[in-house]
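Structure record follows, encoded as structure tokens.
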Amino acid sequence: MAPTETQQIAQLNDQFRRFNPSVPGERVMTQGVAQLLERLDLPPQMLIQQVIQFDDFTQSSDPYGERDFGVLEFHGEKLFWKIDAFDLDYHMGSDDPTDLTKTRRVLTIMLASEW
């Protein structure tokens, strides 16, 4: 049985979040997260590893089953990460997030207070 569109999107989002190079896009952190890492004198890789390993998807944080949002605690701070699917120019949402020839993902890591 072929996976549903939602299952395909979830698989692609997981692959992208785990830095699979076959799923194109950009990964960014907000200024608040960059300042937190600097203040704690921690390399970004420590936070990125937590995002890669994240698997606490719940009905409230992932109501559509696309695995595009997560909440985590990092050194006493509540952080969010979010994946959005854009067109190739990053100007608008992708009309088909399952089609890698039409879609570029963006993963943003932010402080909950920046939401």
Side-chain angles (χ1 to χ4, degrees):
M1 179 160 113
T4 66
E5 182 176 346
T6 298
Q7 290 169 328
Q8 289 174 349
I9 292 169
Q11 288 171 348
L12 290 168
N13 285 342
D14 279 347
Q15 291 171 1
F16 179 69
R17 184 171 46 83
R18 294 178 179 139
F19 284 72
N20 182 322
S22 69
V23 183
E26 300 288 328
R27 293 156 188 91
V28 298
M29 65 180 70
T30 62
Q31 185 174 359
V33 172
Q35 290 171 346
L36 173 66
L37 291 170
E38 184 177 325
R39 187 174 75 242
L40 296 172
D41 194 27
L42 295 173
Q45 189 58 34
M46 287 187 71
L47 175 56
I48 291 167
Q49 199 59 35
Q50 279 195 288
V51 173
I52 288 170
Q53 294 173 349
F54 184 88
D55 68 354
D56 189 23
F57 295 99
T58 65
Q59 180 61 35
S60 63
S61 69
D62 188 34
Y64 302 107
E66 294 182 348
R67 299 172 75 94
D68 62 355
F69 181 83
V71 179
L72 54 91
E73 293 288 326
F74 184 76
H75 290 265
E77 293 284 341
K78 186 175 185 178
L79 276 70
F80 296 154
W81 61 263
K82 173 79 174 108
I83 297 175
D84 294 294
F86 288 94
D87 64 9
L88 297 180
D89 296 323
Y90 298 98
H91 288 205
M92 56 191 320
S94 173
D95 63 355
D96 184 359
T98 65
D99 186 344
L100 296 180
T101 66
K102 295 180 173 182
T103 304
R104 297 294 177 264
R105 283 170 166 71
V106 174
L107 184 148
T108 304
I109 304 171
M110 68 193 84
L111 299 173
S113 61
E114 293 177 302
W115 182 261

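Atom set for the values below is all heavy atoms of this structure, side chains included, hydrogens, waters and symmetry mates excluded. This is a predicted model, so every value here is computed, not measured.
Between Q8 and D99, every side-chain heavy-atom pair lies at or beyond the 4.5 Å cut-off. F57 is listed as a side-chain neighbour of D14, based on a closest heavy-atom distance under 4.5 Å. Counting only heavy atoms from C-beta outward, the side chains of E114 and V33 approach each other to under 4.5 Å.
For the atom pair D68 CG and F16 CZ, the distance stands at 12.0 Å (nearest 0.5 Å). With values rounded to the nearest 0.5 angstrom, L12 atom CG is found 12.0 Å from Q7 atom CD. Atoms CG and OG1, from D84 and T108 in turn, are 6.0 Å apart once rounded to the nearest 0.5 Å.
Relative orientation of the Y90 and F86 rings is tilted, given thresholds of 30° and 60° on the angle between their planes. Ring geometry for F80 versus F69: interplanar angle of 30 to 60°, hence tilted.
Remark: the S60 side chain and the T58 side chain contain an N/O donor-acceptor pair separated by less than 3.5 Å. Side-chain atoms of Q49 and Q45 form a donor-acceptor pair, as typed in the model, at a separation below 3.5 Å.
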Requested in this report: Before giving the answer on salt bridge (Lys or Arg N to Asp or Glu O under 4.0 Å), spell out for R104 and D87 the whole-Å C-alpha distance, their side-chain angles and the decisive distance to 0.1 Å.
Outcome: CA-CA 6 Å; R104 297 294 177 264; D87 64 9; over 6 Å; no
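Nearest heavy-atom pair across R67 and D62 is N-OD1, 2.9 Å. The two residues T6 and Y64 come nearest to each other via the heavy atoms CG2-O, 3.1 Å. The minimum heavy-atom distance between I9 and P97, with the atom names listed, is CD1-CG, 3.9 Å. The minimum heavy-atom distance between T103 and D96, with the atom names listed, is OG1-O, 2.9 Å. The heavy-atom pair separating M46 from H75 by the smallest distance is CE-NE2, 4.2 Å.
Within a 6.0 Å radius of NZ in K82, more than 12 heavy atoms belonging to other residues, nucleotides or ligands are found.
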